[in-house]
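Working notes, beginning with the structure itself.
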Amino acid sequence: MERIFNFSAGPAVLPLDALQQARDEMLNWHSSGMSVMEMSHRGKEFTSIAEKVEADLRELVGIPMNYKVLFLSGGASSQFSMVPMNLLREKKSADYINTGMWSKKAIKEAQRYCNVNIAASSENANFTYAPTQDQWKLDQNAAYVHYTPNETIGGVEFNWTPDLTHLENNIPLVADMSSSILSRPLDITRYGLVYAGAQKNMGPAGLTIVIVREDLLGETIKNTPSMFNYKIHADNSSMYNTPPTYAMYITGLVFEWLIKMGGLVEIEKINLTKANLLYDLIDTTDFYHCPVTKSDRSRMNVPFTLKDEALDAEFLKQSHARGMLQLKGHRAVGGMRASIYNAMPIEGIVTLVEFMKEFANNHA
Ligand SMILES: *Cc1c(COP(=O)(O)O)cnc(C)c1O
């Protein structure tokens with residue numbers, strides 16, 4: 001069986017090791033006589049899986065005990081509502097940094113519940129950079145500050161962590177890490193809350209992980225549905241209702257793979273090598289162009305255009321024939337986008353770079 005190099009932005013490539021183990025355990029998990037899909041989420045088998053998934057994530061990131069880890073469904077998009085519903089805590093406004101399509105969606109939902117102060121925006125430059133913190137106009141009365149560390153569509157990444165320690169009111173920092181979580185070390189103590197859909201860098205679609213500081217829980221806005229109340233999920237160890245059990249299991253296999261690889265310090269080195277290979281090629285030819293400011297380029301999602309967009313279709317056709325799929329850029333940006341998450345092997349990048357060189361030479 002031939003596996004292709006899958007550059008999809010999400011759902012995305014998964015580590016072959018994890019998929020093979022899932023295949024081997026598909027019909028009979030650890031002599032239980034059942035597939036993980038068939039298990040009660042409250043039975044001892046799945047309880048042991050769920051506990052290991054959480055323990056491995058805590059080990060990978062280094063999550064202290066005053067942070068809860070929640071395994072939810074509803075996608076990162078549900079978090080756009082859950083964050084204001086749970087974190088406004090009687091406050092009337094929240095600060096948002098607007099750096100692209102996903103920030104905008106988060107802002108649009110938050111506006112249902114509070115005044116949104118756009119503390120900084122890169123919209124004037126077509127979302128091609130990450131505003132430095134000296135450009136942020138933060139409000140001392142904001143309930144929290146929300147930003148998107150990696151804009152999946154624009155390929156813009158904050159390669160630094162915002163620092164809110166100078167603010168008087170202990171305002172929590174909130175991050176939508178859907179497309180960059182676990183791609184590098186993460187100091188969770190700098191954040192009040194981090195959320196991420198699993199399907200970019202952790203596992204299959206259907207699972208959303210929330211890491212939240214315990215003291216922020218318990219005060220929701222009026223009429224918050226139980227399913228949108230973090231405290232209820234935390235108090236029930238994410239078993240208030242049926243969690244996405246199979247997605248949690250696969251995500252657990254991905255965590256085991258990451259630990260075996262050497263954790264986040266090691267994966268960051270590999271990710272840097274991979275991203276540099278691709279950006280170096282883009283920058284050394286005038287055939288390819290990446291619109292993003294160099295310091296703010298994403299290590300996970302690499303957008304680029306060809307010199308002549310009339311060649312786009314031919315580029316996609318030929319790369320497809322060489323076993324590289326999903327390179328078409330998002331319709332909002334055009335051109336190409338190579339998503340190169342943790343599980344994209346370096347061979348995939350080497351194959352892509354070789355092809356890009358050849359394609360540029362043939363169409364110079
Ligand atoms: C994909 C993505 C989302 C949306 O995730 P869903 O799980 O589809 O709701 C939100 N934010 C970012 C940064 C993303 O990349």
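Bear in mind the structure is a predicted one, so any value in this text is a computation, not a measurement. Atoms within a ligand are numbered from 1 in the order they appear, just like the ligands themselves. Residues: numbered from 1 along the sequence shown.
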Subject >> side chain to side chain donor-acceptor pair (under 3.5 Å) assessment of Ser179 paired with Asn150 >> reply: CA-CA 6 Å; Ser179 52; Asn150 185 64; 2.8 Å; yes
Original post:
Taking it one step at a time, do Asp283 and Lys294 satisfy salt bridge (charged side-chain N to carboxylate O under 4.0 Å, His left out)?
Top reply: CA-CA 10 Å; Asp283 290 340; Lys294 276 194 182 171; 3.8 Å; yes
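The aromatic rings of Trp136 and Trp160 sit tilted relative to each other, their planes meeting at an angle between 30° and 60°. The aromatic rings of Tyr144 and Tyr96 lie perpendicular to each other, with more than 60° between the two planes, well past the 30° mark.
Looking at heavy atoms from C-beta onward, Thr99 lies out of side-chain contact with Ser121 at the 4.5 angstrom threshold.
Around ligand 1, the residues contributing at least one heavy atom under 4.0 Å from the ligand are Gly75, Ala76, Ser77, Phe80, Trp102, Thr148, Asn150, Thr152, Asp176, Ser178, Ser179, Gln199, Lys200.
Counting only residues at least two apart or in different chains, ring pair (Phe, Tyr, Trp, His ring centres under 6.0 Å) contacts with residues 176-196 comprise His146-Tyr195.
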